[in-house]
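Below: one structure, written as structure tokens.
Below, all heavy atoms of this structure are taken into account, side chains as well, without hydrogens, waters or symmetry copies. Not measured: the values here are computed from a predicted model.
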Amino acid sequence: MIDLSTLVEETGADSGLVFSIDGVLVESVNLEYDGNVAAMIGMILKMSLEMSEDLNNGDLKQLMIKNNDGIVVANKNQDDNCVALLSKDLSKMGLLLRKMDTIFNN
């Protein structure tokens, strides 16, 4: 299991959460309305997974949402367990992507 508090601290993310792809929250750090956020990101991941399968692009591993005021990086594993990190600092994008890749590829 991922130590979410350590992951948030090591990456400098503002917040993070662990949840199922069905949007059921397991754990969160520094996030208000965490259940709602887990449900929304879970739905986005599930829809993106289905689109990836429909396009024959393989299984979805990671999703990045970038907007004017921040970034969300979400990964899922083979068992559909998900982790998302959120940051208002776009300069942390590379670190968030790299750290999530490292965690989910091991």
Side-chain angles (χ1 to χ4, degrees):
M1 187 68 167
I2 293 172
D3 182 348
L4 187 59
S5 294
T6 301
L7 181 60
V8 167
E9 184 179 319
E10 286 178 353
T11 60
D14 295 313
S15 55
L17 60 159
V18 176
F19 55 100
S20 73
I21 198 160
D22 294 319
V24 177
L25 179 67
V26 175
E27 179 185 6
S28 72
V29 173
N30 302 330
L31 191 61
E32 192 173 1
Y33 309 114
D34 51 2
N36 292 342
V37 174
M40 289 184 281
I41 296 174
M43 182 175 287
I44 294 168
L45 278 168
K46 192 174 248 187
M47 291 174 65
S48 298
L49 172 65
E50 291 171 1
M51 181 186 72
S52 184
E53 289 172 350
D54 288 348
L55 296 173
N56 295 317
N57 287 338
D59 195 23
L60 179 74
K61 292 173 130 185
Q62 186 175 67
L63 179 72
M64 181 186 71
I65 302 168
K66 179 182 164 195
N67 58 37
N68 291 337
D69 297 321
I71 183 170
V72 176
V73 176
N75 277 59
K76 73 166 215 55
N77 65 12
Q78 305 88 318
D79 300 321
D80 289 341
N81 298 310
C82 307
V83 175
L85 295 175
L86 298 84
S87 176
K88 292 182 180 178
D89 185 352
L90 290 173
S91 70
K92 295 187 189 296
M93 180 172 57
L95 177 60
L96 295 177
L97 291 169
R98 183 172 168 212
K99 187 68 173 181
M100 293 288 265
D101 278 345
T102 300
I103 290 169
F104 279 82
N105 287 330
N106 290 333

Would you check, one step at a time, whether the test side-chain contact (heavy atoms from CB on, under 4.5 Å) holds for V83 with I103? CA-CA 10 Å; V83 175; I103 290 169; over 6 Å; no
Given side-chain hydrogen bond (donor to acceptor under 3.5 Å, both in side chains), test D22 with S20 step by step and report yes or no. CA-CA 5 Å; D22 294 319; S20 73; 4.6 Å; no
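Annotation for E9: atom CD does not count as buried by contact number, only 12 or fewer foreign heavy atoms lying within 6.0 Å. Counting non-hydrogen atoms of neighbouring residues, nucleotides and ligands closer than 6.0 angstrom, the CE atom of M64 exceeds 12 such neighbours. Other residues, nucleotides and ligands place no more than 12 heavy atoms under 6.0 Å from the CE atom of M43.
With N81 contributing its side chain and N77 its backbone, the two residues share no donor-acceptor pair below 3.5 Å. D80 places no side-chain N or O within 3.5 Å of a backbone atom of I21 that could act as its donor or acceptor partner. Of the possible donor and acceptor atoms, one in the side chain of T102 sits under 3.5 Å from a partner among the backbone N and O of R98.
The distance from atom CG of N36 to atom CD1 of I41, rounded to the nearest 0.5 Å, is 11.0 Å.
The only option from L86, D89, L7, I71 that meets the side chain to side chain contact (heavy atoms under 4.5 Å, CB included) definition with L96 turns out to be I71.
Each of L85 and F19 belongs to its own hydrophobic cluster when Ile, Leu, Val, Met, Phe, Trp and Tyr are linked at side-chain heavy-atom distances under 4.5 angstrom.
Closest non-hydrogen pair, T11 versus K92, comes out as O-CD, 3.8 Å.
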